[in-house]
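Notes to accompany the following structure.
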Protein chains: 4
Amino acid sequence: MARKRRVLPPDERKREILTAATEVFSAKGYRVASVNDILEAAGIARGTFYHYFDSKKEAFLELIEFYFSEFELVLEDCHDRLVAALDEGANVFDAWKDYALGVFRFHSENPKLTLLIYREAMSLDEHFSFRVDELADLGTTWIARDLDEMVGRGLIKTCDTSLIATIITGATVFLTLEYIVRRGTDDLETLATELAMNQVKALAPIELFLQPEGGV
Amino acid sequence: MARKRRVLPPDERKREILTAATEVFSAKGYRVASVNDILEAAGIARGTFYHYFDSKKEAFLELIEFYFSEFELVLEDCHDRLVAALDEGANVFDAWKDYALGVFRFHSENPKLTLLIYREAMSLDEHFSFRVDELADLGTTWIARDLDEMVGRGLIKTCDTSLIATIITGATVFLTLEYIVRRGTDDLETLATELAMNQVKALAPIELFLQPEGGV
Amino acid sequence: MARKRRVLPPDERKREILTAATEVFSAKGYRVASVNDILEAAGIARGTFYHYFDSKKEAFLELIEFYFSEFELVLEDCHDRLVAALDEGANVFDAWKDYALGVFRFHSENPKLTLLIYREAMSLDEHFSFRVDELADLGTTWIARDLDEMVGRGLIKTCDTSLIATIITGATVFLTLEYIVRRGTDDLETLATELAMNQVKALAPIELFLQPEGGV
Amino acid sequence: MARKRRVLPPDERKREILTAATEVFSAKGYRVASVNDILEAAGIARGTFYHYFDSKKEAFLELIEFYFSEFELVLEDCHDRLVAALDEGANVFDAWKDYALGVFRFHSENPKLTLLIYREAMSLDEHFSFRVDELADLGTTWIARDLDEMVGRGLIKTCDTSLIATIITGATVFLTLEYIVRRGTDDLETLATELAMNQVKALAPIELFLQPEGGV
DNA sequence: GATGAATGAGTTTTCATTCAT
DNA sequence: AATGAATGAAAACTCATTCAT
């Protein structure tokens, strides 16, 4: 009675399902998206899904884990390049812009997954909160570490790097969601330039320009 | 087995239910939270809930609408005070800090509601997306308008105010969620100072301190 | 806190409620009609309804009982007049037409109640079936009795009077519902004439007119 | 506790459910019958019901549609046979009796469905009224058409065929419900004979036997 | 491996009825 | 008498998961 039996190498089939799941989860959110939606999107039968995943949740977690591991690699790479650049005496702006570009590029290559992650990150579903807390911290932690590095080198002023990291993370996330995910812009260069410039100025070690009384 | 019948004036009872609903929705999210959870939290019977609200969704929407209307008032007030301050020749930093303080204070007074809103705002549940898009724009729009105002007065440099507004919104939201909602800090003053300082510097009209080539 | 307290003599208030109930029940049917609908139609509060009736069902039964007792009176009266007419040597047609007219007139004066009764009579709700069976039989029984009377007098042919009574009841009910209730006709005279003529011919004692073979 | 899993071909299972639904709906009426009742009657789990029908209402509509389409076929067939018989010079009584027999036989084969339909037809539930109006008209329309045919051929007297059709429909419905559905009689022959005889006499073109004034 | 019919726990919602005021 | 807030049993429906084929 089976409609069609498309036999596929396990890995390929699994990837197909995960792609469909990304689509569906990012479009509807974890809760609203039903296994049915995924079946339809993937063009498979009910049983097939459960052959590859123990549950809807597990499929979702696999996507999250993928994002996490990839993003961590990106952050690691960005960090390495930042340190290398600073070691070579590059200016802060260029180094920082390069950093931002790396982050934006990663999200630009995975817009659906990005949307899915940030949605669910905020929604703090009891079942995922353990991972989600990590996510909230992941970017902030790396950035704070790199800010400390730069403060240590005297490239930026002494400051509450943790708080500034939160500011930068928020700015980055919102730019990503608004410009990359929502508007689908390709001009990551400009985005990175603006963000880097903004923070480089804000954190510049020289304080001359601010007069206590009167206009700036 | 029967619960004691607690008769209350309608307004009071409704407020009770909405408070319980805020608690529950912010703890679990709209989808996961069940009407049952609300009943328990509010200590009422099933019928009582439906006596005051046509549906779970309607109760939720009432909370959202409350946040929106209140927040809009706050933004309006902040704007008015900003313009007044600038008219009186106050410096940009003080004016901006005051602005940020207003926003932080509002969220500090409604941490549960704030969490709830930002969660659901991001989770983009099909049913609320119409409101959610507004939310994303609400802050950004007001801020962009005020940035334009300041650019016009020559108080900050000419820039893509819409993009900068996105940065500021992101920074504000993340600070709010991390420091006010999550850590429950009371020191809004410091938060506002840091945020204002950060952006006032970043947007200062004088460019002396940043050399195009070479270290900062 | 009470909106308005319209104090009324008990009987009048009760009649008001029953009128509203008739309206509502006939418009929606017993099951679909809610106590709420009745409250709205009667312009009273919840408690007031339950002050006069123990339950929705009881209010409904009161309407049914009213119909039954009134209709029984009508049938009794019709029967008496039929016998009297026959005693006086009136022709069957005139007597029968008069009979039908009585029945039609009663329903014409209570169209809402009639609709309500026939609806619910058929719907055989477990709770009312005991009454409903009676209703189904009420008309049929009386008619069968009067047919027997006429057979006895040799005014109509010998026949299965119970079966014929069913036919006549069905015809009467359908004419009532279609012409009186649905179309709201006032011309009961024609209706009665047609029905009487139809049955008087069908039951005429002379059989001449039907040739075994060929057309009628 | 778990019920044994009975796997069945979809068509068979669906038929099972519809049969159970007919049973339940005809016994309790659409409103009072619960999905639970159907589950019990069909020996299936809740989910199975909703696997085959989107809602209780849809299952009910499917039954209604089945009745309608089948009954229409019966009426069409009866009509064709009536015309054929008349063309061949058969007498009105035989032709008409055959007609009635067709209708009775159909209902005799589906007594539960018949009861269900007439119940709900009268109960005019808001959700089904659209279909119900059709039902009321379906029989009447076909009969009126066939009466016109016979009037045209001079086989019966000129008359208000629409009104007479209402009479015949009412008579037929009541005979069906009382004798076939309620008493479960098998003797459709007698029923058809009586009904046909009744109306053939009533509508005979010859008027000799009835004197306008005076006894019959 | 693949299929999809079957399951049932869990949810939202309705509404007749009760009872404190 | 009259009010309407409060109750909760019962109903419809959802959907992740299981399992016979």
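First the proteins, then the strands, lettered A, B, ... as listed; each starts at 1.
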**Prompt:** Has T48(D) got a side-chain N or O lying under 4.0 Å from the OP1 or OP2 atom of dT7(E)?
**Reply:** yes
**Item:** Least distance between heavy atoms, I44(A) atom then F49(A) atom
**Value:** CD1-N, 3.8 Å
**Asked** Heavy atoms under 4.0 Å, any strand shown: does A33(B) hit a base, just sugar-phosphate, or nothing?
**Response** sugar-phosphate
**Below 4.0 Å: OP1/OP2 of dA6(F) and any side-chain N or O of Y52(B)** = yes
**Request:** Choose from dA16(F), dA6(E), dT18(E) the nucleotide whose nearest atom is closest to any side-chain atom of V35(A).
**Result:** dA16(F)
**OP1 or OP2 of dG1(E) under 4.0 Å from side-chain N/O of H51(A)** = no
**Prompt:** Under 4.0 Å: is that the gap between some side-chain N or O of R13(D) and OP1 or OP2 of dA6(E)?
**Reply:** yes
**Message:** For dT17(E) and Y50(C) - does any side-chain N or O of the residue sit under 4.0 Å from the phosphate oxygens OP1/OP2?
**Reply:** yes
**Request:** Identify which nucleotide among dC13(F), dA20(F), dG8(F) has an atom closest to any side-chain atom of R46(D), counting heavy atoms from C-beta outward.
**Result:** dC13(F)
**Item:** Nearest-angstrom distance, P atom, dT21(F) to dG1(E)
**Value:** 23 Å
**Message:** Under 3.5 Å for both donor-acceptor distances, Watson-Crick or wobble: does dT21(F) have a partner, and if so which one?
**Reply:** dA2(E)
**Prompt:** Tell me: CZ of F49(D) to C1' of dA5(E), nearest whole Å?
**Reply:** 16 Å
**Request:** Indicate yes or no: does R13(B) engage E16(B) in a salt bridge with an N to O separation below 4.0 Å.
**Result:** yes
**Request:** Using a heavy-atom cut-off of under 4.0 Å over every strand shown, decide if P9(D) touches base, sugar-phosphate, or nothing.
**Result:** nothing
**Prompt:** Taking the inter-plane angle between the rings of F60(D) and Y30(D) on a 0 to 90° scale, is it parallel (under 30°), tilted (30 to 60°) or perpendicular (over 60°)?
**Reply:** tilted
**Backbone of T19(C) reached by a side-chain donor or acceptor of K112(C) within 3.5 Å** = no
